[in-house]
Asker: 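Before I ask anything, let me first share the structure, which is written out below as structure tokens.
Because the structure is a prediction, the values reported are computed rather than measured. Values reported hereafter were calculated over all heavy atoms of this structure, with side chains retained and with hydrogens, waters and symmetry mates removed. Just so we're on the same page: letters track the sequence lines, and every chain starts at 1.
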Amino acid sequence: MSSLKIYNSNSRKKELFTSLTPGYVGMYVCGPTVSGESHLGHARPYITFDVIFRYLKHLGYKVRYVRNITDAGHFEEEGREAEDKISKKAVIEKLEPMELVQKYTNLFHWAMEQFNTLRPTIEPTATGHIVEQIGMIEKLIGEGFAYEINGSVYFDVKKYAAQYDYGKLSGRVIDELLENTRELSGQEEKRNSADFALWKAAAPEHIMRWQSPWGVGFPGWHIECSAMATKYLGKQFDIHGGGMDLLFPHHESEIAQSTICNHETPVRYWIHNNMITIKGKKMGKSYNNVIPLTELFAGTHPLLEKAYHPMVVRFFILQTQYRSTLDFGNEALQAAEKGLKRLLEAYENFQKINGTNKVAQDEELNSKIIKLVGGLDDFMNDDFNTAKVLANLFEIVPVLNAIKDKTIAADALSIETFDLLKKKMKLFIEDILGLKNFTEANNKKLIGAMELLIEIRKEAKGKKDFFTSDKIRNQLNQLGIVLKDEKNGEMSWSIETT
RNA sequence: GGUCCUGUGGCCGAGUGGCUAGGCCGAGCUCUGCAAAAGCUCUUACAGCGGUUCGAAUCCGCUCGGGACCUCCA
């Protein structure tokens, strides 16, 4: 079998993955800013890294997956009146900042659960790590790479760039950054416009504020991730992930801070997921095209033709390689919904069938299946290519259905292949891709009632009483329950999604 | 303006220089009391121009289009 290769944003190449400590992986992913509701765009990194988390675990690593909650507001727009995002909205909504933060944290957790993502190992909050952040800033000042002025502290990018490669990760040229002479008010404190804030003095109206050696203020944009990653993963760790839009300045600055503070390059593999677009444009507040997750699931947003189940969204995202943009559209989502249903139905039905023969009667088919199954591991190892994994799974689906319908005899495959297939299908569909049945056909009482109806319908059909049998099927259909006659005389049913 | 990415069939998308992923839609067929599902088969493709090569969707150049970052942003 192949070994895991990861595309490292820092080297712009696929690299063979080895962990720093054999058997263990430390992974940090930039989490949500809980000053507002999460939208479809946010779903991508968390689902992407959930699959990466699951896959690393499958490979046998003990993974510490740290994903922060940014609950301390940053300033709205650098240079303008420094205004804490959270405090601003709190005033509008007449809420306590922490009440607001709690509300959106809860909502985020709810959405993540809908997506069937596993909980991170540690989910630290920025406000819970003010002490660590202050400690780090003090160190940076001590090292001579940060300076205090008027109660604010800035990182000296020019000095850093003279010794280190600032801009490597994001492909930025330092001289151009330093030349950037854009006139922005509030910048005059900085030695250079490329410098970034580590600590900002808080204006009196700021509600979120903490005491620090430099006066009352709040932490800068990037320091929280550096502080928490260092605390929980060490001075150097394996994987750091996030959206591509965080490449600069966020991750670039994280590297700078941590490098000076810890005297080590912090991250070995940088992984960045691409954006979700709508009509080719990134989903973002400034474009006015965000679809909040609650509205996506409920189908209430004007851009939506219908509601989309979280599992459909998850599948939709995994059908694309994580480094490509993914264009949202109703047609595409509906295609995903149908495809996922077909995949899961075939998968679930097949789990109930057993092989019969030791030796495969159809050697060609048997080896084709083994090859398709083997490809699954290779595709995951090739920079987590879930799109190709799904393609292979879909190539297997017709075979599974044909076996169920007995168009292909069960003994076409050997028992060994049967078991391999069952095991791997479960592994990839459920454990790694994290997909699961999303219809509501799991109520015991409903199942019992359906069994009764099916029995009555079978009797009616046996007597050629098609009036009754059609009545049962048609009425159920109106309720959104689809009854299907199987080839073997059995009947199956499923609940339509709305 | 600077840096970088990208342009694949009706839609979403994968793609290693040679072997036309996959999903959805469409057409036909089979099974079936009917229906649905399922299975089988088929159609539509690599933005344009030029170059490298025995051979390019895949490499290079140019043109045109789209996007991201440079400012909070997944």
Side-chain angles (χ1 to χ4, degrees), chain A residues 12 29-33 35-36 38-49 70 73-80 85 167 170-173 176-177 179-180 182 184 194 221 241-250 252 272-277 279-287 290 315-316 319-321 323-343 345-346 349 375 379 382 385-395 397-402 404-405 407-408 461 464 466 469-470 473-474 477 482-487 492-494:
Chain A
R12 286 145 218 256
V29 173
C30 290
T33 302
S35 60
S38 299
H39 58 75
L40 174 59
H42 296 109
R44 191 155 193 202
Y46 305 129
I47 288 171
T48 299
F49 288 101
T70 300
H74 299 308
F75 24 98
E76 195 78 303
E77 250 181 309
E78 175 162 47
R80 301 247 187 110
K85 220 193 219 173
S170 55
R172 221 120 307 219
V173 181
E176 284 172 5
L177 291 172
E179 273 170 30
N180 185 359
R182 203 144 62 118
L184 291 166
W221 335 339
M244 275 182 183
D245 48 356
L246 295 179
L247 227 32
F248 188 87
H250 186 56
E252 197 71 60
H272 290 95
N273 64 274
N274 214 318
M275 304 290 104
I276 288 183
T277 57
K279 290 175 187 143
K281 276 232 172 5
K282 173 185 162 183
M283 190 174 288
K285 274 182 189 140
S286 35
Y287 297 112
V290 294
F315 174 78
F316 174 66
Q319 257 189 318
T320 309
Q321 218 280 339
R323 282 188 288 114
S324 304
T325 55
L326 169 57
D327 202 47
F328 167 87
N330 281 287
E331 225 178 326
L333 256 295
Q334 282 161 35
E337 182 177 299
K338 286 193 180 176
L340 176 60
K341 263 185 152 174
R342 188 165 143 253
L343 174 67
E345 229 174 276
N349 286 328
F379 293 147
D382 184 15
N385 198 331
T386 54
K388 284 196 128 189
V389 168
L390 284 168
N392 263 28
L393 290 174
F394 272 108
E395 283 204 65
V397 163
V399 178
L400 303 186
N401 283 329
K404 176 180 143 266
D405 290 342
T407 322
I408 293 176
K461 272 189 75 175
K464 296 219 184 291
F466 296 125
S469 68
D470 284 354
R473 190 176 63 198
N474 294 339
N477 213 313
V482 182
L483 207 57
K484 287 173 276 193
D485 292 344
E486 302 290 333
K487 289 218 163 64
S492 69
W493 59 283
S494 60

Asker: Would you sort out whether A:Lys388 and A:Asp382 count as a salt bridge (Lys or Arg N to Asp or Glu O under 4.0 Å), showing the intermediate values?
Answerer: CA-CA 10 Å; A:Lys388 284 196 128 189; A:Asp382 184 15; over 6 Å; no

Asker: Let me know, please, whether A:Leu390 or A:Lys484 comes out on the 5' side of the other along RNA chain B by nearest nucleotide.
Answerer: A:Leu390

Asker: Work out how far the P atom of B:C31 is from that of B:C12, and round it to whole angstrom.
Answerer: 37 Å

Asker: Using a cut-off of less than 4.0 Å, is there contact between a side-chain N or O of A:Asn385 and OP1 or OP2 of B:G15?
Answerer: yes

Asker: Measuring only the P atom in each nucleotide, how far is B:U71 from B:G9? A whole number of Å is fine.
Answerer: 36 Å

Asker: For a side chain to side chain contact (heavy atoms under 4.5 Å, CB included) check, start with the C-alpha distance between A:Phe248 and A:Leu177, then their side-chain angles and the critical distance, and finish with the verdict.
Answerer: CA-CA 11 Å; A:Phe248 188 87; A:Leu177 291 172; 3.8 Å; yes

Asker: Can you check the distance between B:A45 and B:A57, where both ends of the measurement are the P atom (answer in whole Å)?
Answerer: 13 Å

Asker: Can you tell me the base-pairing partner of B:U58? Count Watson-Crick or G-U wobble geometry only, both distances below 3.5 Å, and say none if there is no partner.
Answerer: none

Asker: Which value, in whole Å, describes the distance between the C1' atoms of nucleotides B:U20 and B:C62?
Answerer: 28 Å

Asker: Are OP1 or OP2 of B:A74 and a side-chain N or O of A:Asn273 less than 4.0 angstrom apart?
Answerer: no

Asker: Rounded at 0.5 Å granularity, tell me how far CD in A:Gln319 sits from OG1 in A:Thr386.
Answerer: 9.0 Å

Asker: Measure the CD-NZ distance between A:Glu486 and A:Lys404 for me, rounded to the nearest 0.5 Å.
Answerer: 3.5 Å

Asker: Under a 3.5 Å cut-off for both distances, is B:C46 Watson-Crick or wobble paired, and to whom?
Answerer: none

Asker: On a whole-Å scale, what distance lies between the C1' atoms belonging to B:G51 and B:G1?
Answerer: 31 Å

Asker: Which value, in whole Å, describes the distance between the C1' atoms of nucleotides B:C46 and B:G65?
Answerer: 16 Å

Asker: What distance, rounded to whole Å, do you find between the two C1' atoms, one in B:A74 and one in B:A38?
Answerer: 39 Å

Asker: Set out, in order, the CA-CA distance, both residues' side-chain angles and the distance that settles side chain to side chain contact (heavy atoms under 4.5 Å, CB included) for A:Asn274 and A:Leu326, then state yes or no.
Answerer: CA-CA 8 Å; A:Asn274 214 318; A:Leu326 169 57; over 6 Å; no

Asker: What integer number of Å spans the C1' atoms of B:G15 and B:G7?
Answerer: 15 Å

Asker: Would you tell me if any nitrogen or oxygen in the side chain of A:Ser324 comes within less than 4.0 Å of OP1 or OP2 on B:A14?
Answerer: yes

Asker: Between the base of B:C73 and the side chain of A:Lys282, is there any donor-acceptor pair under 3.5 Å?
Answerer: yes

Asker: Under a 3.5 Å distance rule, please check whether A:Asn477 uses its side chain to pair with a backbone N or O of A:Val482 as donor and acceptor.
Answerer: no

Asker: Using purine N1 to pyrimidine N3 plus N6-O4 or O6-N4 for Watson-Crick, or N1-O2 and O6-N3 for G-U wobble, both under 3.5 Å, which nucleotide pairs with B:C4?
Answerer: B:G67

Asker: Would you kindly compare A:Ser170 and A:Gln334 by the position of their nearest RNA chain B nucleotide and give the one closer to the 5′ end?
Answerer: A:Ser170

Asker: Indicate for each nucleotide in nucleotides 28-34 of chain B, in 5' to 3' sequence, whether protein heavy atoms under 4.0 Å reach the base (B), only the sugar-phosphate (S), or nothing (-).
Answerer: ---B-BB

Asker: So what's B:G17 paired with, Watson-Crick or G-U wobble, going by both distances under 3.5 Å?
Answerer: none

